[in-house]
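Accompanying notes for the structure given below.
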Number of protein chains: 2
Amino acid sequence: MEDYVEGAKIFKTLGDPKRVMIVDMLSCGELCACMILDKFEMSQSTLSYHMNLLCKCGLVKARNKGKWTYYSQNAEVVKEIEQLLHNITSDTEDCICKGNNIDTCDAI
Amino acid sequence: MEDYVEGAKIFKTLGDPKRVMIVDMLSCGELCACMILDKFEMSQSTLSYHMNLLCKCGLVKARNKGKWTYYSQNAEVVKEIEQLLHNITSDTEDCICKGNNIDTCDAI
DNA sequence: ACATTATATCGAAATTTTTGAATGCGAGGT
DNA sequence: ACCTCGCATTCAAAAATTTCGATATAATGT
């Protein structure tokens, strides 16, 4: 149950095209906020808001160095969300229908 | 660019624990709405709303049979979203940073 | 010390999402 | 014809999200 909540939080954060693009940009490696800001038409405070969401859900890490904040993907969480997406879209052992997490399942 | 928008729509739809659970339930196969409703504490209209969202983003298909509506995962879209998630989280050729979709990328 | 630069935070407005009650509607059963 | 069942749609209210301007903070350069 908690898995679903945590996962949904990450999916929700990815539920915005700009944030998806930001994550994609970070797949090449670390970037500071100003680099990311250059690529978008949004205010600095708005970007900061989006980066905060990405960090809060765990998908992105922030590293401070002097005036700059460098952002990068959190490999562990990336693995976890890929795993969850795979779990919920394939007939695995720990599926809800197998009786886990939910009482019964009178499937057809 | 359109890929990000379409993908974000799917992620956004998965941005709710109940909808994640519903998708998981469907990984075992087709289920009618009433079966799904049994597992949750929500009104029938609310479930209908959620199922509509899942269908609109393409992740779920609906099939009508008599009084019932059977829902199932859309395998193609599932594949697409898994692919997208993988693309944005790994250093692939078509990454934004490689110059695609966005003008330049003066990474560090 | 002062100005500048990079980023975070606050506040407020606009928009979107979520929910259930009420209602509509088509399919079967009697 | 009428009733019931499964589901969709409409409506309105509540809650959450998104955005930017203004302001704060902290580091760095002169």
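A, B, ... follow the sequence lines: proteins, then strands. Residue 1 opens every chain.
- Every residue two or more places apart in sequence or in another chain was checked for a side chain to side chain contact (heavy atoms under 4.5 Å, CB included) with A:E41, and none qualifies.
- Two end axes, each from the C1' atoms of five base pairs, can be drawn for the helix from C:dA1-D:dT30 to C:dT30-D:dA1; they diverge by 20°, to 10 degrees.
- With a cutoff of under 4.0 Å to any heavy atom of chain B, the contacted region of DNA chain D is bounded 5' to 3' by D:dC5 to D:dT9.
- Residue A:L53 is classed as a sugar-phosphate contact, given heavy-atom separations below 4.0 Å to backbone atoms only.
- Summarising the geometry, atom NE2 belonging to B:H86 is positioned 10.5 Å from atom CD belonging to B:E82; distances are rounded to the nearest 0.5 Å.
- Counting only residues at least two apart or in different chains, side-chain hydrogen bond (donor to acceptor under 3.5 Å, both in side chains) contacts with residues 57-68 of chain A comprise A:E30-A:R63.
- In this structure, the separation between CD on A:Q73 and CG on B:D91 is 9.5 Å, given to the nearest 0.5 Å.
- Separation of atoms NZ (B:K79) and OG1 (A:T89) is listed at 11.5 Å; rounding is to 0.5 Å.
- In this structure, B:T69 reaches the sugar-phosphate backbone alone: every heavy-atom distance under 4.0 Å involves primed, P, OP1 or OP2 atoms, never a base.
- Proximity of B:L47 to B:I22: side-chain heavy atoms (C-beta onward) are separated by under 4.5 Å at one or more points.
- Rounded to the nearest 0.5 Å, atoms CE (A:M42) and OH (A:Y49) are 11.5 Å apart.
- Both A:S45 and A:W68 lie near DNA chain D, and the one whose nearest nucleotide falls closer to the 5' end is A:S45.
- Legend: residues meeting side chain to side chain contact (heavy atoms under 4.5 Å, CB included) with B:L84, ordered by chain and number and at least two apart, are B:F11, B:I81, B:I88.
- Applying the side chain to side chain contact (heavy atoms under 4.5 Å, CB included) rule to A:Q83 yields the partners A:N87; only residues at least two apart in sequence or on another chain are considered.
- The residue among A:S48 and B:R19 whose nearest nucleotide of DNA chain C lies closer to the 5′ end is A:S48.
- Among residue pairs with one or both ends in residues 7-23 of chain B, those qualifying as side-chain hydrogen bond (donor to acceptor under 3.5 Å, both in side chains) are B:R19-B:H50; sequence neighbours excluded.
- Read 5' to 3', the first and last nucleotides of DNA chain C with an atom closer than 4.0 Å to a heavy atom of chain B are C:dT17 to C:dG28.
- In terms of position on DNA chain D, the residue among B:L47 and A:G15 whose nearest nucleotide sits closer to the 5' end is B:L47.
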Please determine whether side chain to side chain contact (heavy atoms under 4.5 Å, CB included) holds for the pair A:L26 and A:S72, giving the CA-CA distance in whole Å, both sets of side-chain angles, and the decisive distance to 0.1 Å.
CA-CA 6 Å; A:L26 296 179; A:S72 59; 5.7 Å; no
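- B:S43 meets the side-chain hydrogen bond (donor to acceptor under 3.5 Å, both in side chains) test with B:S45, B:T46; sequence neighbours excluded.
- For A:V77, the side chain to side chain contact (heavy atoms under 4.5 Å, CB included) partners at least two apart in sequence or on another chain are A:I10, A:L59, A:N74.
- Against DNA chain D, the stretch residues 56-63 of chain A makes no heavy-atom approach under 4.0 Å.
- No contact: B:K65 has no heavy atom under 4.0 Å from any strand.
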